[in-house]
Visitor: 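My questions will all concern the structure given below.
None of the values given here were measured: they were computed from a predicted structure.
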Amino acid sequence: MKLILLGAPGAGKGTQATKIAEKYGIPHISTGDIFRKNIKEGTPVGLKAKSYIDKGQLVPDEVTCELVKGRLAESDCANGFLLDGFPRNVFQAATLDGMTDIDAVINIDVDHEALTERITGRRVCAKCGESYHVSVKKDGKCDKCDGELIQRDDDKVETVKSRLEVYNSSTKPLIAYYEKTGKLKTVDGMQSVQDVFRDIVKALS
């Protein structure tokens with residue numbers, strides 16, 4: 001099964017991706033992992049990507065598509081894959097159409113206000129990395145190791161708002177793009193992890 005996972009930052013894509021990959025026996029492919037692997041191995045396209053990253057610039061679509069194409073040609077993708085973080089815009093989606101046929105696109109739909117509240121309320125243990133939410137955790141101490149709970153920069157209001165703006169301008173048009181193909185399956189991401197996963201499996205069956 002060849003799948004794409006869409007959803008705003010903080011929608012729970014990472015958690016669901018692990019569960020989907022496990023259930024269907026397919027590799028979970030994130031663009032971040034592909035970048036890191038190619039840069040580490042010093043491949044020509046990896047070095048090309050690194051030259052942009054080092055300057056603090058976005059890696060051009062053409063380079064990203066080249067990296068993904070190489071990854072999809074690997075043997076573990078023979079029975080399918082789950083793409084997470086790609087495509088990020090309509091150009092990348094159209095390029096992907098030229099590489100392979102996608103079976104379904106899962107869109108984890110979340111309310112942006114509730115999402116902002118969910119992310120900005122997140123606190124992480126400075127020692128062991130355990131995650132909590134201020135709505136249920138009031139004392140600022142980790143239950144596991146008694147470490148101090150901190151708010152990561154990624155979880156601050158300004159950062160979250162800016163990430164959602166980027167998502168709305170470039171990634172949201174993908175929903176319309178895949179809706180036209182009839183391959184889009186939207187699930188309610190405001191439910192529990194188990195219920196979201198149950199709905200994904202139902203949508204794919």
Side-chain angles (χ1 to χ4, degrees), residues 1-37 58-59 61 64-74 76-112 114-116 118-119 122 131 154 160 163-205:
M1 200 178 275
K2 298 173 181 179
L3 306 171
I4 292 170
L5 192 57
L6 295 179
K13 291 197 300 295
T15 306
Q16 296 301 335
T18 306
K19 294 170 87 66
I20 295 164
E22 205 172 284
K23 176 166 176 65
Y24 296 101
I26 52 177
H28 167 213
I29 298 172
S30 94
T31 38
D33 290 345
I34 304 175
F35 281 145
R36 283 186 285 276
K37 184 175 183 280
L58 279 178
V59 178
D61 286 338
T64 304
C65 292
E66 203 179 324
L67 281 163
V68 171
K69 190 177 185 180
R71 179 65 185 88
L72 297 186
E74 289 178 29
D76 63 338
C77 294
N79 297 320
F81 48 78
L82 174 67
L83 281 170
D84 172 15
F86 182 92
R88 276 197 190 278
N89 55 44
V90 172
F91 175 87
Q92 291 183 359
T95 307
L96 180 64
D97 285 344
M99 295 181 205
T100 187
D101 283 328
I102 295 296
D103 295 311
V105 180
I106 304 150
N107 174 38
I108 301 176
D109 188 40
V110 283
D111 174 86
H112 281 199
L115 188 65
T116 303
R118 188 198 284 181
I119 302 172
R122 194 160 50 190
S131 189
D154 260 11
V160 173
R163 284 169 72 199
L164 286 173
E165 275 165 20
V166 169
Y167 168 78
N168 280 330
S169 63
S170 61
T171 316
K172 229 179 168 184
L174 283 173
I175 293 168
Y177 180 88
Y178 285 117
E179 231 164 9
K180 284 180 202 150
T181 66
K183 291 178 181 177
L184 189 78
K185 320 272 182 195
T186 296
V187 296
D188 176 10
M190 300 309 291
Q191 311 173 88
S192 71
V193 169
Q194 286 313 121
D195 286 346
V196 173
F197 184 59
R198 180 204 62 210
D199 285 358
I200 289 171
V201 172
K202 206 189 286 178
L204 291 176
S205 62

Visitor: Using the salt bridge (Lys or Arg N to Asp or Glu O under 4.0 Å) criterion, which residues pair with D33? Sequence neighbours excluded.
Guide: R36
Visitor: Taking everything shown except K69 itself, do over 12 heavy atoms lie less than 6.0 Å from its NZ?
Guide: no
Visitor: Apply salt bridge (Lys or Arg N to Asp or Glu O under 4.0 Å) to R118 and list each qualifying residue two or more places apart in sequence or on a separate chain.
Guide: none
Visitor: Testing T64, D61, T95, T171 for side chain to side chain donor-acceptor pair (under 3.5 Å) with N89, which one passes?
Guide: D61
Visitor: Rounded to the nearest 0.5 Å, what separation is found between the CZ atom of F86 and the CG atom of L72?
Guide: 8.0 Å
Visitor: Treating K13 as the side-chain partner and D84 as the backbone partner, does any N or O pair qualify as donor plus acceptor under 3.5 Å?
Guide: no
Visitor: Before giving the answer on side chain to side chain contact (heavy atoms under 4.5 Å, CB included), spell out for C77 and T100 the whole-Å C-alpha distance, their side-chain angles and the decisive distance to 0.1 Å.
Guide: CA-CA 11 Å; C77 294; T100 187; over 6 Å; no
Visitor: Quick check: do H28 and K19 have side-chain heavy atoms less than 4.5 Å from each other?
Guide: no
Visitor: Could you tell me the separation between the CD1 atom of I102 and the CG atom of L184, rounded to the nearest 0.5 Å?
Guide: 12.5 Å
Visitor: Indicate yes or no: at least one non-hydrogen side-chain atom of K183 is less than 4.5 angstrom from one of I4.
Guide: no
Visitor: Please find the pair of heavy atoms, one from R122 and one from S131, that lie closest to each other, and give the distance.
Guide: CG-OG, 3.5 Å
Visitor: For L83, run the side-chain contact (heavy atoms from CB on, under 4.5 Å) check against L96, T31, L5 and tell me which one passes.
Guide: L96
Visitor: To the nearest 0.5 Å, what is the distance between CG on D111 and CG on D188?
Guide: 10.0 Å
Visitor: State which residues pass side chain to side chain contact (heavy atoms under 4.5 Å, CB included) with L204; sequence neighbours excluded, sorted by chain then number.
Guide: M1, L3, Y24, A104, I106, I200
Visitor: Would the number of heavy atoms belonging to other residues, nucleotides or ligands and lying under 6.0 Å from CZ of R88 be above 12?
Guide: no
Visitor: Using a 6.0 Å cut-off, check whether atom CG of D154 has over 12 heavy atoms from anything other than its own residue.
Guide: yes
Visitor: Counting only heavy atoms not in L58 (residues, nucleotides, ligands), do more than 12 fall under 6.0 Å from its CG?
Guide: no
Visitor: Does the pair N107 and Y178 meet the rule for a side chain to side chain contact (heavy atoms under 4.5 Å, CB included), with working shown?
Guide: CA-CA 10 Å; N107 174 38; Y178 285 117; over 6 Å; no
Visitor: So does R71 pair up with D76, basic N to acidic O under 4.0 Å?
Guide: yes
